[in-house]
Amino acid sequence: METPLATAVLFLYALCAVMIVGLVVLFALKIRNSSADNKARHCQEKYRDYFVYLQAHGEEEERLKVPHGEVTQSEKQIMQKKLFELMELFTGVHRQKLIWLCEDLGLIELDRKRLKGAWKWTRVDAAYNLGMMRSKEALPDLLQLLEKSSYDPSIFIIARSIARCARDTGDLREMVLLLVRYKKNFHELIVDILSDSQIDTAPLFASFLRETSTDLVKIGLIGLLAQSQSQPGIESALYKLIESEDKDIRIKAVKLVCQDVRYLTEQRVKAFMNHKDWEIRAMMAKAVGGLGLAGYIPMLKSAVGDSSWWVRHHSAYSLTALEVEGFAALCEILREERMGNKLQMAHEVIQEELEKGKRQAAATQDVEKQLQYNQKLHLYHKSYRKTISTVAALER
Amino acid sequence: MSNLVPVFYQLLTNMEASQSACGVILVACKNLSKESVEAIKRDFSPKETDSGETHFAYDKTKNLLGIMVEQHNLADTHFFALRVKDYLQESQLLSGSLLIASFPESSASSGQLFMRMMQEIKDLDGYGEIKIYDQRNSADAEEQTRILLVNHDEHVNEFLRIYLERKGYMVTVANDGMDGMEKYREWSPDLVITDLNLPILNGYQLMEKIKHHEASAMSKIVVLTDKRLEEDVQKSFALGAADYITKPFSPIELEARVRRLIS
Amino acid sequence: MRDFLLYYGVFAVYYVIAINSLYFIILMFSFKSIMGILKSSVYSRFQSLSGSRHVPPISILVPAYNEELTIIENVRSLLSLNYPKYEVIVVNDGSKDDTLQVLIEEFQLTSSEHMPMQPVLQTSKIRGIYHNPAFPNLYLIDKGNGGKADSLNAGINLSHYPLIASIDADSLLEKDALIRIAKVYMENPEETVAIGGDIRIANGCKIEDGVVSDIRLPDKFLPMMQSVEYLKAFLGGRIGWSAINGLIIVSGAFGVFRKDYVVKVGGYREGYPGEDMNIIIKLHKYMLENNLPYRVAFCPDAVCWTQAPDSFRILGSQRRRWGRGNLKNMIEYGKNMVLRPKYKVFGMLTLPFNILFETLNPYFRITGLLALIGYTLLDMTNAHVLLIYGLLNLLYGVLLGIGSLLLEEIAFRRYPRFKDIVKMLFYTILMFFGYRQIGVIWRFLGHIEYLRNNNSWGTMTRKSWQAENKNISSLEARG
């Protein structure tokens, strides 16, 4: 009778002990946190005028001066936070002067020491700080830290710091190689991280297109897709990628091709519009409208009858984007088809386009727009009369 | 010892003649005894200011302490003023604010500017504020360009207020879209610098409202934001933005664009 | 008889130890990942990320049933999130009030009769889709009443983006909640099928213009209890469960999903409550059966504020509904998946845990207590057994509560005042004197309702959803 419960009683004592420990830690932490808050507030008050000085003279040539008198280590670290907030806002000389100030305060040196600290999260803290201060000297250590890290959220903090401190594309490349090791496919995030670097990343992305690793190729494609200008000298690599076995690569490569009208020969457009991947057909259909290539109206018209909803959708919308001529092609579908997906999509898009046109015509003084709307309405009525039974059937 | 004005006037005229730079700090103090003025002189002896000679003068009737540091530009003078303030505050001799300037300023003669400074410090209230003397705003407050800053990030607001005020603009700050709209109505600024990510009303809604506000024909809108998508740029321009700047930004460029827009 | 009661009582004692020890282990997993969460939350520049081209676009689905009082405020708030590219799709689920009209009026929406919709999921009849080009990322679907899950499915059909977020119409998202979740997604985009956000209780907070401007603990008893309860469940529980990929639920009030997989598992299933747990179970099942690497993540720094029920009647109906939903899900999926090695952590740990300690919890607890009381009545000399049982429950529970308060203090610190922590601690203890017991009974009642009304789920769901939403006081009214 006593025995079965003895363990339970023992357990109770253990629970009490753990609970007391937990309570002590909780209150100690609470007190520490609030005293740290107070200290930070006090420090901010103390250096308020100094920060005004920093912000008022960010433009002149010489370095900003460190505060007069003794500045304690903890004060420096509180100041560092505020300095980081400012640094994040600026480019150019304003940021550079604050970086120099951090250097003069001894913060770079301090964090380089902490980067070799024993505790993991101290190292991550230091890595973040060094990234903010764009410390080129710390770069080899940062790369090493990333190399030793296993997959968890901290690797993104370190990677961003590397991007910020990078001296040349070689550093960035090394960072990317370390990141793709984890095999987690966070390609978009890598490209976002690379955009924090001060170095022009376009040549790096272009070089990735020729790699064999699909990860690097994807990163290269995503990077180039985000650039506003097209990168010269990638055509041959790009055309090869269109044939890639990886569907994702195929799609992204075609997307990149579709961004630039110079790549789009008639043969290529035809091939893409008849591609086995519906994504590629849809993308091409969308691009034709976006680029205003009125020559492909017949092709779009037949693609409104595609087996994929998305291809039908984009083809029909692209036709509306190609002025009255495209719209006329849509109306022809109404006449030619008797039922089915093609007719339905054409009908829906025509209706929406007319609604939109009506609103626009009412809101604008532009005679051109009003004229265009009337023309479209006329086209629609012409085909509508002939297919009245179908339309009525649809609308019921 | 009410020799502040003549002494400094003379010194400044000499400086101007020899084309050398200097900084001037005027401080509203409590009544200083001769000893305390001497103590101040001693504690700020030249060896600490590393370059140039330092002159002190005290005006007994106005309770004004003047300090002139040779070969100091405005930034150095400002930095020096931080120390002066701390010192006076610690010895409980400070009674009002500080006004700083560097000479030679561009246009008017140093002597005249100094006299205007003396005027301005009389009107300056507050305690322990360090104000940079701006020859422009004392002259023509009416003609200053008025800028409304709408941003949720207090660091941006604080910095741009300090920065743009130094460039001679009049600046009002709002923390969210609603606040921004209210200040816009009250103040009808010449130019609005707004973020797109704002609480309550976002940047687009704010622009929409400004567009439909009656007196809006006059004010230009500059978008300063983290958003880097083409869609956002397009939409901002469609809603009447005159310029679109993404963060992080170069303050110099921002000011140049602002100047272009209002000219 | 006496012996049997005693042995059963002893069994109950060890059951309590076992259940709490497992909770404790989960809590330890939470502690293990908390530093990573903290650092990644502090050191990510979410402002900058919210303007990035590389963030995936999200469709926010807002099912609304009789929400005329609060819907405008909430949609406005949703339209001004800090996020690069997203759309808000409000689904009016055949409301009986003016939800549809107030939305149309406020945003000057017009009916787009021919807006193309890709019907990938079955829903009840769509009456119309409304849109206004001046608010290009707002859509309103009007449809016949079909329940919450049906509304979500309709939203999926219209949605244009690869990720969907489901949000309750009476909840309030923090401005950067979505971008925080997106970051978790971006860190592992291919394997992440769902991410849950942290739900916190808004009662007592000051809410102005759709923004929680002053965070306070609730003043009333019941919301305060739930505040502590949510903190325990989300911080102590879900962080830990997500660390071992054993999360069984992503709260319906705020979660983000990959649309392709939601469609593949057939969308949300209507007919009984607990559709939020149901979709997660189905996702686990699908991914494991197809041998795809995946994770269901939890993002504790993405916060959604919600109004907690403040009367026993509504709270009771909510808890009974949870009990019903849980039992139904366990009967339907649990029995096929539990203890099958094929289903890995989910089948070997999460489900057994859920069945033993969540679903069957009321039976063990109630009978254990009754047995011990019975035994004590028969033999007063051994009253200490009852005491041990009670103390174990209390102390272990409080310990777990302290653990989650500690997590909160380490990573989030949303309640900075000292007296808040004392108050929360007090309620953590108080919870074991009455509140927990009532909760157990509600759950039990839920099971009874399930067994009695197995066939009439649809109507019951809608009724209670309606009852709850009507009675939860509006965010606006409190502002």
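So that the names make sense, note that chain A is the first sequence line, chain B the second, and so on, each numbered from 1.
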Name the member of [options] that forms the most heavy-atom pairs with chain A at distances under 4.5 Å.
{"options": "C:Arg45, C:Met186, C:Glu190", "value": "C:Arg45"}
{"options": "C:Val42, C:Ile421, C:Val10", "value": "C:Ile421"}
{"options": "C:Gln47, C:Arg417, C:Lys39, C:Arg53", "value": "C:Lys39"}

[atom1]/[X] to [atom2]/[Y] distance, rounded to the nearest 0.5 angstrom?
{"X": "C:Asn188", "Y": "A:Asn185", "atom1": "CG", "atom2": "CG", "result": "8.0 Å"}
{"X": "C:Leu392", "Y": "A:Leu12", "atom1": "CG", "atom2": "CG", "result": "4.5 Å"}
{"X": "A:Glu188", "Y": "C:Ser52", "atom1": "CD", "atom2": "OG", "result": "8.0 Å"}
{"X": "A:Leu15", "Y": "C:Leu391", "atom1": "CG", "atom2": "CG", "result": "10.0 Å"}

When heavy-atom pairs shorter than 4.5 Å are enumerated against chain C, which of [options] gives the highest number?
{"options": "A:Ile157, A:Val9, A:Ile155", "value": "A:Ile157"}
{"options": "A:Asn33, A:Asp152, A:Ile31", "value": "A:Asn33"}
{"options": "A:Ala316, A:Ala226, A:Ser195, A:Gly131", "value": "A:Ala226"}
{"options": "A:Trp121, A:Phe186, A:Phe156", "value": "A:Trp121"}

What part of [X] gets within 4.5 angstrom of chain A, counting heavy atoms only: side chain, backbone, both, or neither?
{"X": "C:Thr192", "result": "neither"}
{"X": "C:Phe11", "result": "neither"}
{"X": "C:Ser33", "result": "neither"}
{"X": "C:Ile410", "result": "both"}
{"X": "C:Tyr389", "result": "neither"}
{"X": "C:Pro56", "result": "neither"}
{"X": "C:Glu191", "result": "side chain"}

Point to revise | Close aromatic pair by centroid cut-off 6.0 Å: C:Tyr14 and A:Phe11 | key: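 No.
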
Taking all non-hydrogen atoms of both residues, which atom of [X] and which atom of [Y] are closest, and how far apart?
{"X": "A:Leu26", "Y": "C:Leu406", "value": "CA-CD1, 3.4 Å"}
{"X": "A:Ala8", "Y": "C:Val13", "value": "CB-CG1, 3.8 Å"}
{"X": "A:Pro153", "Y": "C:Ser40", "value": "CB-CB, 3.6 Å"}
{"X": "A:Lys184", "Y": "C:Glu187", "value": "CB-O, 4.2 Å"}
{"X": "A:Cys16", "Y": "C:Leu395", "value": "SG-CD1, 3.6 Å"}

Select one option (side chain, backbone, both, neither) describing which atoms of [X] are under 4.5 Å from chain C's heavy atoms.
{"X": "A:Tyr151", "value": "side chain"}
{"X": "A:Ser34", "value": "backbone"}
{"X": "A:Arg160", "value": "side chain"}

Any idea how C:Tyr43 and A:Tyr128 line up, ring-wise: parallel (<30°), tilted (30 to 60°), or perpendicular (>60°)?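 Because their plane-to-plane angle is under 30°, the rings of C:Tyr43 and A:Tyr128 count as parallel.
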
Does a sphere of radius 6.0 Å around [atom1] in [X] hold more than 12 heavy atoms from other residues, nucleotides or ligands, not counting ones at 6.0 Å or beyond?
{"X": "A:Lys247", "atom1": "NZ", "value": "yes"}
{"X": "A:Arg32", "atom1": "CZ", "value": "no"}
{"X": "C:Phe418", "atom1": "CZ", "value": "yes"}

Practice item. Can you spot which of A:Leu194, A:Ile193, A:Leu189, A:Val191 makes a side chain to side chain contact (heavy atoms under 4.5 Å, CB included) with C:His54? Key: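 It is A:Val191, the one option of A:Leu194, A:Ile193, A:Leu189, A:Val191 that forms the side chain to side chain contact (heavy atoms under 4.5 Å, CB included) with C:His54.
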
* Run the salt-bridge test on C:Asp420 and A:Lys30 with the 4.0 Å N-O cut-off and return the result as yes or no. =>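 Answer for the salt bridge query: no.
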
Determine, stepwise, if the pair C:Arg413 / A:Asp37 fulfils salt bridge (Lys or Arg N to Asp or Glu O under 4.0 Å).
CA-CA 12 Å; C:Arg413 303 186 58 210; A:Asp37 285 352; 2.9 Å; yes

